[in-house]
2 protein chains.
Amino acid sequence: MSTGARGQHARVLDVLGLAITAGEHPPGSVLRTDELAERLGVSRSVMREAVRVLESMCLVESRRRVGVTVRPVEEWNVYDPQVIRWRLAGADRPHQLRSLTVLRSAVEPVAAGLAARNATPEQCAELTECALGMVATSRGGQLEGYLVHDIAFHRVVLNASGNEMFAHLGDLVAEVLAGRTHHRVMFEDPDPAAVTLHVQVAEAVRAGDAVRAEELTREITVGALRELDILAP
Amino acid sequence: MSTGARGQHARVLDVLGLAITAGEHPPGSVLRTDELAERLGVSRSVMREAVRVLESMCLVESRRRVGVTVRPVEEWNVYDPQVIRWRLAGADRPHQLRSLTVLRSAVEPVAAGLAARNATPEQCAELTECALGMVATSRGGQLEGYLVHDIAFHRVVLNASGNEMFAHLGDLVAEVLAGRTHHRVMFEDPDPAAVTLHVQVAEAVRAGDAVRAEELTREITVGALRELDILAP
DNA sequence: CGAACAAAAAGTCAGACTAATTAATCACAG
DNA sequence: CTGTGATTAATTAGTCTGACTTTTTGTTCG
């Protein structure tokens with residue numbers, strides 16, 4: 001899925017990035033560009049471009065006479081969408097989902113508060129539509145349909161906040177929600193209380209009630225934290 | 001300052017990244033790799049590597065037969081430290097600082113709450129030390145010294161939260177604090193109330209009082225928002 | 001209006017050469 | 001004999017060049 005066949009460069013980048021984030025080539029290990037190029041069957045040009053991109057993500061450091069060194073995890077650009085995708089595809093997916101969910105719990109309530117102040121009428125309408133869609137798909141095992149509306153809902157809130165840093169977390173939230181749905185026991189309908197909360201958030205935003213929108217969204221994210229046992233019940 | 005003389009690649013990347021984020025080459029404009037290489041006096045290899053990195057930051061899109069197209073701002077990887085540096089160096093620095101400060105106001109209180117639960121004794125000691133350093137430099141125009149302790153303080157809190165996504169915002173917060181100090185009227189000592197709040201946060205974290213740490217940090221960030229007139233006074 | 005064709009740009013490859021950095025070697029003084 | 005400093009050698013990334021391929025788009029012709 002993540003490997004589109006669009007050119008050698010992307011393919012090689014994906015393979016290497018995945019390998020590094022997956023923990024083979026642990027931090028400190030050194031790779032040689034030429035050897036990698038040969039191993040993956042590409043020219044040095046292509047491999048060099050891939051290494052440069054990995055370097056810009058702080059996954060590796062390239063130094064003369066020594067080679068390409070894998071950097072410690074703490075230095076990786078963990079906000080890079082590609083890095084996030086690689087890590088979600090690997091072994092520390094659970095850990096990654098927890099980190100992202102905690103981030104959500106900090107950001108989304110504030111974003112909802114801002115949305116209540118800044119949302120355009122169009123965005124309010126869109127939000128209500130999403131909430132209604134969630135209600136309509138909340139029963140009878142229509143999990144995929146529910147997911148679509150859920151993702152759209154949170155994306156609209158983040159965009160409506162008017163803050164570009166928040167808006168950019170849309171993909172991230174989508175990733176978390178999708179991950180949650182696809183790793184939960186299927187056939188289990190979403191929590192009715194959560195559905196209600198979404199409807200109420202949409203209403204609060206439309207009414208311009210920032211405090212209420214923030215508080216309701218906080219309840220939603222608290223629920224998400226509880227699902228992962230990050231919070232004590 | 002951002003342009004170290006470490007190789008052609010880094011130089012070219014910096015020049016191009018700055019130019020794009022500064023708004024010359026507006027979104028939609030198309031550049032040709034060969035022409036750029038010639039203009040900047042480097043070989044195609046080097047230019048191609050730079051373009052690939054810019055592409056991974058979603059600043060540009062490279063397509064056959066058309067060229068390198070500058071993408072709209074909304075698609076840029078705004079969490080990439082390099083992109084942030086470029087934008088802070090450019091004309092929309094004020095806008096950037098506002099966005100980052102709002103992000104801070106969402107993240108730091110939650111991070112402080114987590115820190116109160118997770119901080120090690122060493123981190124608590126470090127935090128207290130930072131707070132004392134802030135007190136010691138809070139009068140008499142020792143703004144640079146104060147800034148150092150302030151940055152260290154917030155960095156420790158973010159690290160102590162135990163969440164890697166929060167920890168990675170340390171550089172970002174440092175950038176914001178430095179920007180604020182250096183653009184404010186010099187010779188103006190920091191708000192005594194803010195200094196007190198930092199001391200109290202350190203104390204709350206040491207005591208393991210998550211709610212109080214969160215609330216106090218929220219007051220700090222609210223103050224930061226007010227400074228930028230994001231909040232009504 | 002559709003299909004064949006031509007042009008333009010990025011993508012890929014191969015090879016030669018450069019430069020920086022580390023490691024080994026060797027000479028010399030203590 | 002040993003430690004230390006400078007010189008040399010080896011290794012790897014960095015850079016450049018030129019040829020060739022592939023994809024996409026615009027054009028032309030049926």
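Here is how names work: the chains are called A, B, and so on, in the same order as the sequence lines, proteins then strands, and each is numbered from 1. We use all heavy atoms of the structure for the numbers below, so side chains are in, but hydrogens, waters and symmetry mates are not.
- Residues satisfying the side-chain contact (heavy atoms from CB on, under 4.5 Å) test with B:A125, not counting sequence neighbours, are none.
- Here B:D150 pairs with B:H154, B:H198 under the side chain to side chain donor-acceptor pair (under 3.5 Å) rule; sequence neighbours left out.
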Provide a list of protein-nucleic acid N or O atom pairs under 3.5 angstrom, restricted to nucleotides 12-15 of chain D.
| from | atom 1 | to | atom 2 | distance (Å) |
| --- | --- | --- | --- | --- |
| D:dA13 | OP1 | A:T33 | N | 2.9 |
| D:dA13 | OP1 | A:T33 | OG1 | 3.4 |
| D:dA13 | O3' | A:S62 | OG | 3.1 |
| D:dG14 | OP1 | A:R52 | NH2 | 2.9 |
| D:dG14 | OP2 | A:R48 | NH1 | 2.7 |
| D:dG14 | O4' | A:R64 | NH2 | 3.3 |
| D:dT15 | OP1 | B:Q8 | N | 2.6 |

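- Residues passing the side chain to side chain donor-acceptor pair (under 3.5 Å) test with A:D34, sequence neighbours excluded: none.
- A:E24 is linked by a side-chain contact (heavy atoms from CB on, under 4.5 Å) to A:A19, counting only residues two or more places apart in sequence or in another chain.
- With sequence neighbours excluded, the residues satisfying side-chain contact (heavy atoms from CB on, under 4.5 Å) with B:E126 are B:V156.
- From the 5' end on, the contacts that DNA chain C makes with chain A at under 4.0 Å to a non-hydrogen atom open and close at C:dT12 to C:dA23.
- For B:R48, the salt bridge (Lys or Arg N to Asp or Glu O under 4.0 Å) partners are A:E49, not counting sequence neighbours.
- Sorted by first and then second residue, the salt bridge (charged side-chain N to carboxylate O under 4.0 Å, His left out) pairs involving residues 63-72 of chain A (not counting sequence neighbours) are A:R71-A:E75.
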